Amino acid sequence: MASPKRRLQGLVAATITPMTEHGEINFSVIGQYVDYLVEEQGVKNIFVNGTTGEGLSLSISERCRVAEEWVTRGRNKLDQIVIHVGALSLKESQELAQHAAKIGADGIAVIAPFFLKPWNKDILVNFLKEVAAAAPALPFYYYHIPALTGVKIRAEELLDGIQEKIPTFQGLKFSDTDLLDFGQCVDQNRQRQFAFLFGVDEQLLSALVMGATGAVGSTYNYLGKKTNQMLEAFERKDFSSALNYQFCIQRFINFVVKLGFGVSQTKAIMTLVSGIPMGPPRLPLQKVSREFTDHVEAKLKSLDFLSFTDLKDGNLEPCS
Ligand SMILES: CC(=O)N[C@@H]([C@@H](O)[C@H](O)[C@H](O)CO)[C@@H](O)CC(=O)C(=O)O
């Protein structure tokens, strides 16, 4: 069985794939991006080529090059780098898994194939097993995101007996709002050292109560520091402060959700907050409007989420 450095915990940023205005991958800013996550956001784990990274919109060779760049730039700076290697083709998934092992990633994650879908748990586990077997020394995570894959097999069901089938199974990335399913994943696997990584940033506090060991999300790219404050408050059992932080984060996410929120918007917000150009998304996603960015900038300032805020204290919405 694979032995990770230690159980993946805390915040994991679902990385954006920076692109040029011409739609090519902008590898040149990844080094700066690593430093920003570590130094400005206190986030030392990353999840590469997932939803936020537009992994399924990249070619296989692009995915390999992106993974390589993150591993190279993150060496001695980041704690753990998990590469998402899910694909519609088992062969491609295996190729990506082998590549992740070769470049020295710390783990791989896989979503359910979503065009020709597995229609029951056993079929899905068989698919995952074949991918995991291509990288037998790497910790393996299942990436549960039913709203996007359309594969609604409950995670709790999937986890039942999974280590017998997939000895490298190390944990679950749970991007869904079904806290009954999530809670039962934790409850039924208390004897195992699995990582339970929650993927709905606006509801993380509820998942911590249920036993989440960490979180993977898009907002940790730019709200990592604020979310870490929530984790610290939770750790010291200061639930009132933890709730304040969660509500504050929710105020922002609620605001952007109403404007329309997804990967394109994440790229624009990260560019605004970090100053590192993330570029436009790749088709079929659309670049966001200037109006969106202006609204978001005003909201971030009012919440004091921007370090360069120039508003008077009286105009700030208290967040702690
Ligand atoms: C559907 C989606 O993109 N969910 C995000 C969340 O971080 C999400 O952006 C956040 O909770 C705001 O709704 C993550 O779960 C996705 C993720 O971790 C990834 O990029 O792989």
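We count ligands from 1, going down the list as the structure has it; atoms in each ligand are counted the same way. Small disclaimer: the values here were computed from a predicted structure and weren't measured.
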Before you tell me yes or no, could you show the steps for Y220 and N228 under side-chain hydrogen bond (donor to acceptor under 3.5 Å, both in side chains), namely the whole-Å CA-CA distance, both residues' side-chain angles and the distance that decides it to 0.1 Å? CA-CA 9 Å; Y220 310 135; N228 270 324; over 6 Å; no

Criterion side-chain contact (heavy atoms from CB on, under 4.5 Å) on F194 and L172, from CA distance to verdict: CA-CA 8 Å; F194 292 161; L172 172 71; over 6 Å; no

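Note that K173 lies in the cation-pi zone of Y143, set by a 6.0 Å cut-off to the ring centre and a 45° limit from the axis. Geometrically, K226 does not engage Y245 in a cation-pi contact, judged by NZ or CZ lying under 6.0 Å from the ring centre and within 45° of the ring axis.
A heavy-atom separation below 4.0 Å is not found between Y220 and ligand 1. Distances shorter than 4.0 angstrom do not occur between any heavy atom of Q203 and any atom of ligand 1.
A salt bridge between K267 and E54 is present, with a side-chain N of the basic residue lying under 4.0 Å from a carboxylate O of the acidic one. Using a cut-off of 4.0 Å between Lys/Arg side-chain N and Asp/Glu carboxylate O, R190 and D187 are scored as salt-bridged.
At a heavy-atom distance under 4.0 Å, atoms from both the backbone and the side chain of S218 approach ligand 1. At a 4.0 Å heavy-atom cut-off, ligand 1 touches K173 through the side chain alone.
Ring pair F182/F196 is perpendicular by interplanar angle, where above 60° counts as perpendicular and below 30° as parallel. Aromatic ring pairs are classed by plane angle as parallel below 30°, tilted from 30° to 60° and perpendicular above 60°; the pair F47 and H84 is parallel.
Below 4.0 Å from some heavy atom of S175 lie the following atoms of ligand 1, by number and element: 15 (O). Within the listing of ligand 1, atoms 21 (O) sit less than 4.0 angstrom from a heavy atom of G50. Close approach to V200 involves these atoms of ligand 1, each under 4.0 Å from a residue heavy atom: 11 (O). Taking every heavy atom of A14 and a limit of under 4.0 angstrom, the matching atoms of ligand 1 come to 17 (C), 18 (O), 19 (C), 20 (O).
Not one N or O of T219 is nearer than 3.5 Å to an N or O of ligand 1, by distance alone. Not a single N or O atom of F47, backbone or side chain, sits closer than 3.5 Å to an N or O atom of ligand 1.
Scanning the protein heavy atoms around atom 13 (O) of ligand 1, the nearest turns out to be E202 OE2, 2.9 Å. Scanning all protein heavy atoms for the shortest distance to atom 4 (N) of ligand 1 gives G199 O, 4.1 Å. Here the heavy atom of the protein found nearest to atom 3 (O) of ligand 1 is T51 CG2, 3.8 Å. Counting protein heavy atoms only, atom 19 (C) of ligand 1 is closest to Y143 OH, 3.3 Å. The closest protein non-hydrogen atom to atom 1 (C) of ligand 1 is I145 CD1, 4.0 Å.
Inter-residue side-chain proximity for M278 and Y33 is flagged as met; some heavy-atom pair is nearer than 4.5 Å.
If you chain together hydrophobic residues whose side chains sit under 4.5 Å apart, L180 and V200 never meet in one group.
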